[in-house]
Amino acid sequence: MATQEDNLKDIIGHAKEYGFVFPSSEIYDGLSATYDYGQLGAELKNNIKEYWWKAMVHMHENIVGLDAAIFMAPQTWKASGHVDAFNDPLIDNKDSKKRYRADVLVEDHIEKIRAKIDKDVAKGLKRFGDDFNEAEFRATNPNVLRRQKQIDEIEDRMRDALENERLDDMKQLIEDLEIACPLSGSKNWTDVKQFNLMFSTELGSVSGESAKIYLRPETAQGIFVNYLNVQKSGRMKIPFGIAQIGKAFRNEIVARQFIFRMREFEQMEMQFFVRPGEEMKWYEYWKEFRMTWHNALGFDQNAYRFHDHIKLAHYANAAADIEFKFPMGFKELEGIHSRTDFDLKQHEEHSGKKLRYFDPEINESYVPYVVETSIGLDRMFLAVLSQSYTSETLEDGSNRIVLSIPPALAPYKVAVMPLTKKDGLPEKARAIIDDLKIDFNCQYDEKDSIGKRYRRQDAIGTPYAVTVDHQTLEDNTVTIRDRDTMEQERVAIEELPRIIDAKVSMRKLLKK
Ligand code: ATP
């Protein structure tokens, strides 16, 4: 059986072969944890962005967009807490010289215990079949309870160590759990140190502390500092939201696992400003809304789960992740955070400007509370790619690799192919594309046998392939082949826009 790592390797290979993702500056052997999106990757990324933007901005009367600069006044990051507290606890293995995030080592250990619980549950299901009551089993089975207690104790110790900045305790925890370096297998660890994740550079030609500026580590602060500009110019009434898609930069130490953790990445964030005291209601609303957005794509619903944070960030009073079953296991895909009035208050203090809202309904002026949804575009890209990548054995014993990308996100919506390169078939195919391309991204393909061409389109996730043959010249009909069922149907050319639109339009996703 293929391992999960093999699966990730296959996906990385496929992404490169077909022009989705390349290592950055590859001719110079690449730059670690930096990737470039190729011709198909750029399309898929744009479609994910469009789906997010439409669902968040266009579908909500009270949410508007923003496109703020990456560079911001350096005081921004003092106010937000990033200069002082945007740190990762790091630990080095003395034998392999590999550096790890201490909290990730412990979380991986917890994940192993969780996997044992899942194994127990699977055994129970096998033994008792339909009579098996999973919830009861989890609540009463002694093995499960013992393991769950272990997890709770580890989480408590970790939270305590991280929240109180007791790095020695964090090291002690790693030693007590007998965590070994995955590379060297040794338990010979250095002390745990804090490391700031922000990249800095200098503004203009002046060097020195005062001219030091940062590459933003999150897009959210661009929204906070513009909150009053948008509220006033857009006459926004609370509750309202500001959404933004843009690049963020973090000097990640443990940067690996392909585009999951990069040093330059893209975020899609929305800050929702609410009346103080109403944040929990909106926190629940956004948790549910975001999960629905994911589920509308039609992937396996068991690939998603909520995970409540055990260590709350310095700004939050509630926080949950939507975790996704990536090839390397369940990992954070998106965060939903109730950030209180922390950021706006900090900016009031550091800038000396009032950032209040006068609420006419209650005749009161206040600093709004904020609920944020924050998803990494690149992680979403990996989620789509990894769930879509399927290797099938067909009835004739041959193998086909198909990317079952949700049609609304697919790079190309339709490929149009003349059966042969002569008899006017290419011209007819191009005429069909000329009409379709106004609404859909189309690809023309005339090289190789039709079978090979179908496989190529399967491999890049094109939902439909249209074939132009000699009959087309007589009666203006074509065959249209469905990527997933591989079934073919003969239809009139004039029917194509309607058929394709019904499948690839974002309408269906947005209505869910
Ligand atoms: P992690 O714990 O995995 O480092 P985080 O909790 O620091 O993530 P947030 O600060 O909440 O992440 O950022 C919001 C989202 O941005 C994350 O859910 C993730 O999808 C994305 N993201 C964060 N860091 C990276 C990165 N280095 N590469 C790609 N995406 C990232």
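Note that ligands are numbered from 1 as they come in the structure, with each ligand's atoms numbered from 1 the same way.
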Taking a cutoff of less than 4.0 Å between a non-hydrogen atom of the residue and any ligand atom, is Leu333 in contact with ligand 1?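 Checking ligand 1 against Leu333, which is what was asked, there is a heavy-atom contact under 4.0 Å.
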
State if His337 counts as touching ligand 1 under the rule of any non-hydrogen atom under 4.0 Å.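 It does, in that a heavy atom of His337 comes within the 4.0 Å cut-off of ligand 1.
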
Starting from [atom], locate the nearest protein heavy atom and write down its residue, its atom name and how far away it is, to 0.1 Å.
atom                    : value
atom 2 (O) of ligand 1  : Glu332 OE1, 3.6 Å
atom 21 (C) of ligand 1 : Gly376 CA, 3.6 Å
atom 19 (C) of ligand 1 : Arg379 NH1, 3.4 Å
atom 16 (O) of ligand 1 : Gln267 NE2, 3.4 Å
atom 28 (N) of ligand 1 : Met262 N, 2.9 Å
atom 29 (C) of ligand 1 : Phe260 O, 3.2 Å

Are more than 12 heavy atoms, taken from residues, nucleotides or ligands other than [X], located less than 6.0 Å from that residue's [atom1] atom?
X      : atom1 : answer
Glu175 : CD    : yes
Asp67  : CG    : no
Arg146 : CZ    : yes
Lys16  : NZ    : no

Could you walk me through whether Glu50 and Asn46 pass the side chain to side chain donor-acceptor pair (under 3.5 Å) test, one step at a time? CA-CA 6 Å; Glu50 190 188 344; Asn46 277 342; over 6 Å; no

Does a donor on one side chain and an acceptor on the other come within less than 3.5 Å for Ser80 and Asp343?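 Checked: Ser80/Asp343 side chains show no N/O donor-acceptor pair below 3.5 Å.
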
Please identify which atoms of ligand 1 are closer than 4.0 Å to at least one heavy atom of [X].
X      : answer
Arg261 : 1 (P), 3 (O), 4 (O), 26 (C), 27 (N), 28 (N)
Arg101 : 2 (O), 4 (O)
Glu252 : 24 (N), 26 (C), 27 (N)

Measure from [atom] to every heavy atom in [options] and give the option owning the shortest one.
atom                    : options                       : value
atom 30 (N) of ligand 1 : Phe249, Phe86, Phe265         : Phe265
atom 9 (P) of ligand 1  : His309, Glu334, Arg250        : Arg250
atom 15 (C) of ligand 1 : Ala319, Ala33, Pro217, Ser374 : Ser374

Short question: side chain of Glu269, backbone of Thr219 - any donor-acceptor pair under 3.5 Å?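 Here the side-chain-to-backbone pair exists.
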
Would His350 and Gln75 count as a side chain to side chain donor-acceptor pair (under 3.5 Å) if you check the C-alpha gap in whole Å, the side-chain angles of each, and the deciding distance to 0.1 Å? CA-CA 7 Å; His350 282 75; Gln75 298 95 307; over 6 Å; no

Asp92, Thr190, Asn93, Asp88 screened by side chain to side chain donor-acceptor pair (under 3.5 Å) with Arg99, the one that passes: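 Considering Asp92, Thr190, Asn93, Asp88, a side chain to side chain donor-acceptor pair (under 3.5 Å) with Arg99 is found only for Asp92.
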
